[in-house]
Each structure stands twice: as C-alpha cells, then as structure tokens.
> 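For reference, the structure I am asking about is given below.
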Amino acid sequence: MPPPSALLHVTGLHVFGMVVWALASALLVALTMAWTVHWLRHPRIARGHAHNPVMGHFWGAPAMTLMTVGAGTLSLGEDWVGSTAAVHVDAVLWTGGTLLGLVTAVWIPSTRSARTPPSAGG
C-alpha cells in the first residue's frame, strides 16, 4: 500500500477542489444576498421561519457554510486571491461562522423551551 502522502496527489483533484470551492463561494454570496432581500422585504415571514419548530433548526447551516467556505479559501483560494487575502477572508468567515453558530446554539433551543409546555407524563 502506498504511503498516505501518495494518496493526496491524484491528477485533477486540486482543480476539482478549486471548482467546488469557487461554486460554494458564489453560492454563499448569492444566497446571502437573497437572504438579506428576504429579511428586508418580508421580515415577519423571515422571523416566522426562525420560530418554526422544524425550520428553526436549519439556522445552524449558515454558520457551517461560512466556516466551510473560509476553510476552502485558506486551503484552495491562495491561487486566486493570494496568501494574505486568503488568510484574512478565512479569519472573517471562520469568526463569523463561529459567532453565528454560538448565537444559534443558544437562541434556537431557547425559543423551543420557552414555547414548549411541560408534558403531563413527566
């Protein structure tokens, strides 16, 4: 069996990773713009999504997206944006994702426990 480092040098893997990272970055920008427009035009509906017992749990996804695109920028974006910019973009996205994740980890469960009546059975 070849050493683990030999497994990382697959022809075309770097290019494939760059394409996936670029697509994820473009989707992050597009969906962030759509989300912002939705909150500005329909704030009542947007707040309703957060209070929905099923949809509210998806608020963790944006935090994970920020950190994933940030990690991709750090590991793959260097070729496109340079080392310094890649580190800065990753730091901003990773910090934003971490803070958003912490907020949603407290906010979403607290809205559930505040609105859920205790069960009769204990």
Side-chain angles (χ1 to χ4, degrees):
M1 181 160 172
S5 61
L7 298 176
L8 297 176
H9 299 287
V10 176
T11 304
L13 188 59
H14 184 74
V15 172
F16 177 73
M18 295 273 297
V19 169
V20 171
W21 168 74
L23 180 62
S25 299
L27 283 170
L28 176 63
V29 170
L31 291 174
T32 299
M33 291 173 23
W35 180 80
T36 302
V37 169
H38 177 66
W39 268 90
L40 292 174
R41 292 188 179 176
H42 309 286
R44 185 181 57 78
I45 294 170
R47 278 190 302 274
H49 290 165
H51 294 292
N52 183 292
V54 175
M55 292 182 69
H57 294 285
F58 287 99
W59 277 82
M64 291 183 285
T65 303
L66 290 172
M67 292 189 288
T68 301
V69 172
T73 303
L74 187 60
S75 61
L76 296 167
E78 182 179 359
D79 294 344
W80 286 9
V81 297
S83 298
T84 304
V87 170
H88 290 306
V89 169
D90 177 55
V92 169
L93 292 175
W94 189 267
T95 302
T98 301
L99 293 175
L100 182 59
L102 291 172
V103 167
T104 58
V106 173
W107 173 45
I108 297 300
S110 69
T111 61
R112 300 299 164 261
S113 61
R115 296 181 330 138
T116 306
S119 64

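On a predicted model such as this, the values are computed, not experimentally measured, just so you know. Side-chain atoms are counted along with the backbone in the values below, which use heavy atoms only and exclude waters and symmetry mates.
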> Looking only at heavy atoms, which two atoms of W21 and G77 are closest? And how far apart?
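Scanning both residues completely, I find the closest heavy atoms to be CH2-CA, 3.7 Å.
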> Closer than 3.5 angstrom, by distance alone: can the side chain of T104 be matched with the main-chain N or O of G101 as a donor-acceptor pair?
yes
> With rounding to the nearest 0.5 angstrom, report the CG to CG distance, L23 to L28.
11.5 Å
> Quick one: closest heavy-atom pair of S25 and V69, and the distance?
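Of all heavy-atom pairs spanning S25 and V69, the closest is OG-CG1, 3.6 Å.
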> Mind checking whether W107 and M64 sit in one hydrophobic cluster, side chains of I, L, V, M, F, W, Y counted as touching below 4.5 Å?
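No, it is not one cluster - the side chains of W107 and M64 are not joined through contacts under 4.5 Å.
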> If you look at every heavy atom in A86 and T73, which pair is closest and at what distance?
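In this case the closest contact between A86 and T73 is CB-O, 3.5 Å.
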> Hey, could you give me the CH2/OG1 distance between W94 and T68, rounded to the nearest 0.5 Å?
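That separation rounds to 7.5 Å.
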> If you group Ile, Leu, Val, Met, Phe, Trp and Tyr by side-chain heavy-atom gaps below 4.5 Å, do V81 and M18 land in one group?
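The answer is yes; both residues are in one hydrophobic cluster.
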> Rounded at 0.5 Å granularity, tell me how far CZ in R47 sits from CG in N52.
15.0 Å
> Would you call the rings of H38 and H49 parallel, tilted or perpendicular, where under 30° means parallel and over 60° means perpendicular?
parallel
> Would you say H14 and L76 make side-chain contact, with heavy atoms under 4.5 Å?
yes
> Kindly give the heavy-atom pair with the smallest separation between L40 and P43, and that separation in Å.
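Here L40 and P43 meet closest at O-CD, 3.9 Å.
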> Just how far is it from atom OG1 of T32 to atom CG of L66, taken to the nearest 0.5 Å?
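So the gap between those two atoms works out to 6.5 Å.
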> Considering non-hydrogen atoms only, spot the tightest contact between A63 and G97 and give its length.
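Result for this residue pair: CB-O, 3.3 Å.
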> According to a 4.5 Å side-chain heavy-atom criterion applied to Ile, Leu, Val, Met, Phe, Trp and Tyr, with indirect links allowed, do L93 and W80 form part of one hydrophobic cluster?
yes
> So, taking the atom named CE in M67 and the one named OG1 in T95, what distance separates them when rounded to the nearest 0.5 Å?
10.5 Å
